[in-house]
Amino acid sequence: MPLGIPLYRHPIVARGCVRVSASIFLIIMSSLQALKAASARRDLADLLGVKPGMLTYAIYITPEADRYTRSTIPKKHGGDREICAPNNDLKLIQRRLSTLLQDCLDEINVARGHKEDRVRFGIAHGFKRNHTIMTNGRAHITRRFVFNADLHDFFGTINFGRVRGFFLKDKNFSLQPEVATTIAQIACFENKLPQGSPCSPIISNFLAHPLDIRLVRLAAKHGVTYTRYADDLTFSTNKPAFPVEIASPIDSHGWIPGPELECVVTESGFSFNPSKTRLQYRDSRQEVTGLTVNRKVNVPATYRYTVRAMVNTLFKTGSFEFIYRKRGDDGKVTSENREPGTMPQLLGMLSYIDQVDLFNEKLCKDNDREPQPVVGRTALFRRFLYFDTFFSAQRPTIVCEGKTDNVYMRCAIKSLAAAYPRLIGGEKLLVRFFKYTESRTGRVMDLTGGVGGICNLLKSYHEDLKFYFKAPISKFPVIVLIDNDSGAHSIYEAVAGITKKKKPQGVADFIYVTGNVYIVPTPFGPGKSFTAIEDFFDAKTLATELNSKKFNRKNKKEDSEDFYSKAAFARDVVAKGASTIDFGNFKVILDRIEKVLDDYAVRRKTMT
C-alpha cells in the first residue's frame with residue numbers, strides 16, 4: 001500500500017471506489033492499482049497523504065508567480081541553467097507524487113518480467129532507483145567509438161498536454177481524466193516541466209520511454225549500444241566504422257546526428273542541441289556523463305588531481321580556491337573565476353570519487369575479480385574528514401565509544417543545563433557529538449566505535465598532525481570520552497606510544513594526547529574499580545523493565561529472551577524518560593569536560 005496506508009482505512013476504499021468484503025478478508029492494492037482506482041482529485045490527495053484542500057490551494061489558488069522561486073546555476077560547459085524551485089507545500093506534494101510514480105514504475109518493470117540486472121543496467125539511467133551515472137557509463141566501456149548527443153531543452157519540451165495525455169492514454173496507467181489533469185497541474189509550470197521540481201525527473205522518464213524503445217531498436221539494427229541519462233544520449237560500438245545512420249561526419253573532427261537518429265528523435269517530439277554532439281575514439285579519452293570509460297568507469301584523472309591539490313592546499317593553509325570555468329560552444333574555456341572554496345564543496349567532490357571507486361569494487365567482487373587498490377584516494381578522503389571533523393572543529397567535539405553513549409551524554413547535559421552554561425545555551429548544545437555511521441565513519445574514517453575505533457582515531461590523527469596538517473588548528477578541543485575499564489588499557493597504550501611518556505593509569509581527570517585531542521575517562525569506582533558510563537545512572541533507572549525484560553549492558557544491539565540491549569536502554573529508557581531521570585552522578589564527567597575546555601584555552605596559546 002503506498003505511503004504506508006492500510007487498504008481497509010484508505011479513503012478510496014471507504015468511499016466505495018474499490019469494494020472489499022469486511023467480514024473475511026482484505027484485498028491488498030499496489031501503488032499502481034490504487035492510482036488507477038482513483039477517480040477524482042481528492043482520491044489523488046489521499047494517495048499523496050495530503051488534505052484535498054491543501055492540494056487544491058497549492059495548484060489552483062496560489063498565484064502561479066508565488067508557486068516557484070527562480071534562480072540560475074552555471075552549466076558545466078558554459079551558460080546558465082534556470083532553476084524553478086517550488087514553494088514548501090508544492091514541493092511536499094511533488095516529492096510524494098515522485099515516490100508514488102517511482103513505486104508504479106517498479107511494479108511495471110516487475111510486470112514486464114525484468115530481472116534485477118536488467119532493471120539496474122537498463123536503457124534509461126537518470127533519476128531512477130538503483131541507477132547512477134556509473135551504471136550509465138558501464139554499458140560503454142572498452143569501445144572503439146563512443147558518440148554523445150544532447151537533447152535540447154529536455155524538460156521544457158514536455159508540456160502540460162503531453163503529461164496529461166500520457167497518463168490518460170498509456171496502457172500501464174489509463175488514469176481517470178480528473179486525476180491525469182491534476183497530476184499535470186502538480187508537475188507543470190508555465191506549460192512545461194520545471195527544472196527544480198522533485199517530480200519532473202520521473203515524469204520525463206515516462207514521456208521519453210517510447211523514444212528509448214525506438215532508439216534501442218535503431219542501435220541494435222546497426223550493432224550499437226544505447227543508453228540515456230536525462231537529456232544525454234550515448235551510443236557506442238566496436239565496429240570498424242561508426243554507422244553513419246546514427247552519427248555523420250561534417251569535417252575531420254565534427255559529427256552530427258545521422259539521418260535515422262534525427263528522424264526518430266524528431267518524431268518523438270524532441271530535438272538535438274547541435275553544439276553538444278561528439279564522437280570519441282579509443283585512443284583518446286572517452287567520457288560518458290562525466291566519467292571516463294576507456295577501460296572502466298572512472299573519474300577523469302584531471303578531476304582527481306584538481307581535488308587532491310585543493311585538499312592539500314586546505315591542509316597547509318586552512319583555505320583553498322574553487323575555480324569556475326566557463327566554456328564556449330566549442331568546449332574551450334572562455335573565462336575563469338576563482339572564489340573561496342567551502343568544505344561542503346570538497347566533501348561533495350571526494351564523496352563523488354569515493355562512490356565511483358565503490359561501484360568498481362562491487363563490480364569486481366560480483367564477478368569474482370580482485371578490486372584494484374585505491375588506498376591513496378581513501379586515505380586522502382579520510383584525512384579530509386579528520387581535518388573537517390576534528391582539526392577545524394567549529395565547536396568542542398565529544399567522541400564517545402558508541403551511539404548509545406551519545407544519547408546518555410546529550411540527555412545529561414540538557415538535564416543539568418543550569419550548572420553547565422558552557423556546554424548548553426537555552427535548548428542549544430554548545431558542544432558537538434561525533435556521529436557514527438556504518439558507511440563513512442566505519443569504512444573511510446576507520447571509526448567503528450569501541451576501543452579499536454578510538455585507538456585508530458588517536459594514531460591516525462597524530463600522524464596527520466605530524467605530516468599533513470599545517471594550517472592553524474581549531475580553537476576548540478576534541479574530547480574522547482571512554483569507559484575506564486579493562487578495554488581502556490589499549491587506549492592508554494596508544495596514548496603512551498604517541499606522547500612517549502609513561503602509560504596513563506586512568507586516575508587523572510583528563511589526559512592530553514596530541515594537537516587538540518584529549519582523553520576523558522570515567523572516574524574509577526570505590527577501590528579504583530572499573531567503571532563504564534552506564535554506572536553513572538541511578539539504580540532506579542538501571543532497574544527499569546521493558547516488556548518484562550531487564551537491562552543487560554552486555555547486549556549492545558540485540559535484545560534477548562530475558563534482557564533488553566543498550567540500544568533499547570538508550571532509546572526507550574533514557575531518551576524517552578530523560579525528564580524523570582536523576583543525572584546527578586554525571587556531574588563528575590561534565591566537570592572533567594569543562595576542565596578540558598580550560599586546559600585547552602591555555603595550551604592553545606602556546607601553539608599559535
Side-chain angles (χ1 to χ4, degrees), residues 1-21 25-52 55 59 92-131 158 160-188 193 197-213 228:
M1 193 66 221
L3 304 177
I5 305 173
L7 179 68
Y8 64 91
R9 295 174 54 194
H10 201 288
I12 296 177
V13 175
R15 288 199 298 275
C17 296
V18 178
R19 298 187 181 276
V20 179
S21 170
F25 63 91
L26 298 173
I27 300 173
I28 304 300
M29 295 177 71
S30 69
S31 296
L32 183 57
Q33 289 171 332
L35 182 58
K36 294 175 74 171
S39 61
R41 186 190 313 150
R42 67 178 295 115
D43 298 332
L44 179 62
D46 291 334
L47 283 172
L48 299 178
V50 299
K51 294 181 179 179
L55 176 57
I59 64 175
L92 172 67
I93 294 169
Q94 289 174 342
R95 280 178 175 166
R96 293 187 176 180
L97 176 60
S98 175
T99 299
L100 176 63
L101 294 178
Q102 288 278 6
D103 291 339
C104 292
L105 177 60
D106 289 345
E107 293 171 29
I108 292 169
N109 283 329
V110 171
R112 288 170 177 164
H114 289 178
K115 296 180 180 180
E116 174 64 23
D117 57 347
R118 172 81 180 277
V119 172
R120 184 173 181 186
F121 302 117
I123 306 169
H125 293 257
F127 321 125
K128 291 175 66 177
R129 290 171 180 165
N130 301 318
H131 290 71
I158 302 173
F160 179 93
R162 291 183 71 177
V163 175
R164 181 178 182 275
F166 170 82
F167 286 106
L168 281 173
K169 299 176 182 178
D170 183 80
K171 65 180 182 180
N172 293 305
F173 288 94
S174 301
L175 304 184
Q176 295 298 316
E178 185 174 335
V179 177
T181 300
T182 304
I183 288 176
Q185 290 283 6
I186 293 171
C188 294
L193 291 181
S197 162
C199 63
S200 290
I202 178 64
I203 292 176
S204 70
N205 273 341
F206 279 129
L207 271 292
H209 184 67
L211 168 66
D212 290 333
I213 296 301
R228 177 178 62 82

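The figures here come from the full heavy-atom set of this structure, side chains too, leaving out hydrogens, waters and symmetry mates. Note that the coordinates shown come from a computational prediction; the quantities given were computed from them, not determined experimentally.
- Scanning for side chain to side chain donor-acceptor pair (under 3.5 Å) contacts around Thr181 gives Arg164, with sequence neighbours left out.
- When all heavy atoms of Glu178 and Ser39 are compared, the pair lying nearest together is CB-O, 4.1 Å.
- Applying the side chain to side chain donor-acceptor pair (under 3.5 Å) criterion to Asp212, with sequence neighbours excluded, gives Tyr226, Arg228.
- Using a 4.5 Å heavy-atom cutoff, the side chains of Val179 and Arg41 are not in contact.
- Atoms CG and CD1, on Asp170 and Ile108 in that order, are 6.5 Å from each other to the nearest 0.5 Å.
- Not counting sequence neighbours, the partners of Phe206 by the ring pair (Phe, Tyr, Trp, His ring centres under 6.0 Å) test are Phe166, Phe173.
- Minimum heavy-atom separation, Lys36 to Lys171: NZ-O, 4.3 Å.
- Contacts of Ser197 classified as side chain to side chain donor-acceptor pair (under 3.5 Å), with partners at least two apart in sequence or in another chain: Gln94.
- Rounding to the nearest 0.5 angstrom, the gap separating the CG atom in Leu92 from the CG atom in Leu55 is 10.5 Å.
- Within the 4.5 Å cutoff, no side-chain heavy atoms of Leu168 are placed close to those of Ser174.
- To the nearest 0.5 Å, atom CG of residue Leu193 and atom CZ of residue Phe160 are 11.5 Å apart.
- By the 4.5 Å heavy-atom criterion applied to side chains, Leu35 and Leu44 are counted as neighbours.
- With values rounded to the nearest 0.5 angstrom, Asp106 atom CG is found 11.0 Å from Leu101 atom CG.
- Scored by the side-chain contact (heavy atoms from CB on, under 4.5 Å) test, Gln102 finds Ser98, Leu105, Arg129, Ile202 as partners (sequence neighbours excluded).
- Of the candidates Pro201, Ser200, Cys199, Pro198, Phe127 forms a side chain to side chain contact (heavy atoms under 4.5 Å, CB included) with just one, namely Pro201.
- Side-chain atoms of Ile123 and Ile213, non-hydrogen and from C-beta on, do get closer than 4.5 Å to each other.
- Contact detail for Leu100 and Ser31: the closest heavy-atom pair is CD1-CB, 3.9 Å.
- With sequence neighbours excluded, the residues that form a side-chain contact (heavy atoms from CB on, under 4.5 Å) with Pro52 are Arg42, Ala45.
- Annotation for Val163 and Cys188: closest pair CG2-SG, 4.0 Å, computed over non-hydrogen atoms.
- In plain terms, the two heavy atoms of Arg96 and Val50 that are nearest each other are NH1-CG1, 3.9 Å.
- The side chain to side chain donor-acceptor pair (under 3.5 Å) test applied to Gln185 returns no partner, not counting sequence neighbours.
- The closest donor-acceptor contact from the side chain of Arg162 to the backbone of Leu207 lies at 3.5 Å or more, if one exists at all.
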